[in-house]
Structures are given as C-alpha cells and as structure tokens.
Amino acid sequence: QLQLVESGGGSVQPGGSLRLSCAASGFSLDDYGIGWFRQAPGKEREGVSCMSGRGSITYVADSVKGRFTISRDVAKNMVYLEMNSLQPEDTASYYCAADWNYYSANVKGCRDLGFSTWGQGTQVIVSS
C-alpha cells in the first residue's frame with residue numbers, strides 16, 4: 001500500500017525557517033515523481049515544488065524561488081522541503097504527493113491532478 005506521511009510543520013515567526021519531511025512507504029522514490037503542494041484557507045491548492053523520479057527538480061513556484069528547496073533521500077525513502085525566509089503568505093497546509101507517471105506533463109508541471117497518492121498534510125503558520 002502506497003503511503004505518504006508528512007511531518008515538521010508548526011508555527012514560526014516571519015523570516016524563520018522550517019523543514020518539512022515526507023516519509024514514503026510501499027514504493028521507491030526512484031520510480032515516482034514527488035511534489036509538495038500547499039493550500040491556504042479559502043484558496044485553491046497550488047504546487048510548490050516537484051521532482052522527477054530521476055531526482056531532477058522539475059518545478060519551483062515563483063512565490064518560493066530562492067526560499068524553498070525540495071530534496072530527497074532515496075536510501076531513506078524520504079522527501080524534504082526546506083523553507084527559509086518564511087512569510088505570512090506561506091501559511092497553509094502542506095501536502096506531499098507522488099505519482100508513478102513522472103514523465104507526464106502534469107507531474108513535471110506540478111499540477112495536483114497529475115498526482116494519485118497524497119499525504120494527510122502538515123500545518124505551517126507564519127505569524128508574529
């Protein structure tokens with residue numbers, strides 16, 4: 001059974017940092033595209049950053065460029081999102097997602113409809 005479990009969310013002041021983790025089980029990251037998404041209250045879910053099954057970063061949202069970095073540890077089957085210089089507008093529930101078809105345009109383009117497996121989410125609150 002494919003499963004993703006996020007952790008690492010919390011409350012932080014503007015300018016602070018957090019590192020989100022996503023533990024994958026039931027499949028190997030080598031074979032799947034993986035991505036981080038977020039959804040703020042009252043807003044649609046948006047892609048933050050996505051990575052192909054070969055480990056190349058295929059997408060980074062303009063709003064987080066230079067601040068957020070996606071990475072993975074294949075040996076541990078873990079995916080990470082390092083978030084720096086956090087701002088109040090980064091407040092959202094963050095989700096990890098995966099799909100086997102990492103060649104698809106939707107997966108490469110970090111569009112949520114391309115991903116079939118989702119974690120339960122972890123909350124990030126940025127406030128002074």
Quiz item: Taking the six-membered ring for Trp, are Phe37 and Tyr95 ring centroids under 6.0 Å apart?
Solution: no

Exercise. Is it possible for you to say whether Met51 and Leu2 belong to one hydrophobic cluster, with membership spreading through side-chain heavy-atom contacts below 4.5 Å?
Key: yes

Self-check item: Least distance between heavy atoms, Asn106 atom then Phe115 atom
Solution: O-CE1, 4.1 Å

Self-check item: Nearest-0.5 Å distance, CD of residue Gln87 to OG of residue Ser127
Solution: 12.0 Å

Quiz item: Do Phe27 and Val74 share a hydrophobic cluster, counting only Ile, Leu, Val, Met, Phe, Trp and Tyr and linking them when any side-chain heavy atoms are less than 4.5 Å apart?
Solution: no

Quiz item: Counting heavy atoms not belonging to Glu89, are there more than 12 under 6.0 Å from its CD?
Solution: yes

Quiz prompt | Nearest atoms (heavy-atom pairs only) where Leu20 meets Met83 | solution = CG-CE, 3.7 Å

Quiz item: Are the side chain of Ser93 and the backbone N or O of Gln123 linked by a donor-acceptor pair below 3.5 Å?
Solution: no

Quiz item: Would a hydrophobic clustering, with Ile, Leu, Val, Met, Phe, Trp and Tyr connected at side-chain separations under 4.5 Å, put Val64 with Trp36?
Solution: yes

Practice problem: Please report the shortest heavy-atom distance between Arg45 and Asp112, naming the atom on each side. | Solution: NE-OD2, 3.2 Å

Quiz item: Any side-chain donor paired with an acceptor under 3.5 Å for Arg54 and Tyr102?
Solution: yes

Exercise. Give the minimum heavy-atom separation between Gly9 and Thr122, together with the two atoms involved.
Key: N-OG1, 3.1 Å

Quiz item: For the atom pair CD1 (Ile34) and OH (Tyr80), what is the distance rounded to the nearest 0.5 Å?
Solution: 12.0 Å

Exercise. Search all heavy atoms of Gly35 against all heavy atoms of Cys50 and return the closest pair with its distance.
Key: CA-SG, 3.6 Å

Practice problem: Under the side-chain hydrogen bond (donor to acceptor under 3.5 Å, both in side chains) rule, what do Ser128 and Gln13 come out as? Steps first, then yes or no, please. | Solution: CA-CA 5 Å; Ser128 55; Gln13 292 187 339; over 6 Å; no

Practice problem: With rounding to the nearest 0.5 Å, note down the distance linking CG in Asp90 to CD1 in Ile125. | Solution: 12.5 Å

Practice problem: Could you tell me whether the side chain of Ser21 reaches within less than 4.5 Å of the side chain of Met78, counting heavy atoms only? | Solution: yes

Quiz prompt | Glu46 and Gln39: CA distance, side-chain angles, deciding distance, side-chain contact (heavy atoms from CB on, under 4.5 Å) verdict | solution = CA-CA 6 Å; Glu46 63 173 347; Gln39 187 167 21; over 6 Å; no

Exercise. Identify whether Tyr103 and Trp100 are in the same connected component of the hydrophobic contact network (ILVMFWY, side-chain heavy atoms under 4.5 Å).
Key: no

Quiz item: According to the salt bridge (charged side-chain N to carboxylate O under 4.0 Å, His left out) rule, which pairs have a member within residues 17-35, sequence neighbours left out?
Solution: Arg19-Glu82, Asp30-Arg72

Self-check item: Closest non-hydrogen atom pair between Gly47 and Ala61, with its separation
Solution: O-CB, 3.6 Å

Exercise. Any chance you could measure Cys96, atom SG, to Leu81, atom CG, to the nearest 0.5 Å?
Key: 9.5 Å

Exercise. I would like to know whether Ile70 and Val79 meet side-chain contact (heavy atoms from CB on, under 4.5 Å); could you show each step before the answer?
Key: CA-CA 7 Å; Ile70 188 172; Val79 185; 4.2 Å; yes

Quiz prompt | Value rounded to 0.5 Å, distance of CZ in Arg38 from NZ in Lys43 | solution = 8.0 Å

Quiz item: Going by heavy atoms in the side chains, are Phe68 and Val48 under 4.5 Å from each other?
Solution: yes

Quiz prompt | 4.5 Å side-chain heavy-atom contact, Val107 and Tyr32 | solution = no

Quiz item: Between OG of Ser116 and CG of Asn101, what distance do you get to the nearest 0.5 Å?
Solution: 9.0 Å

Practice problem: Answer whether the closest heavy-atom distance between the side chains of Thr117 and Leu4 falls below 4.5 Å. | Solution: yes

Self-check item: Under 3.5 Å donor-acceptor, Ser49 side chain and Val60 backbone
Solution: no

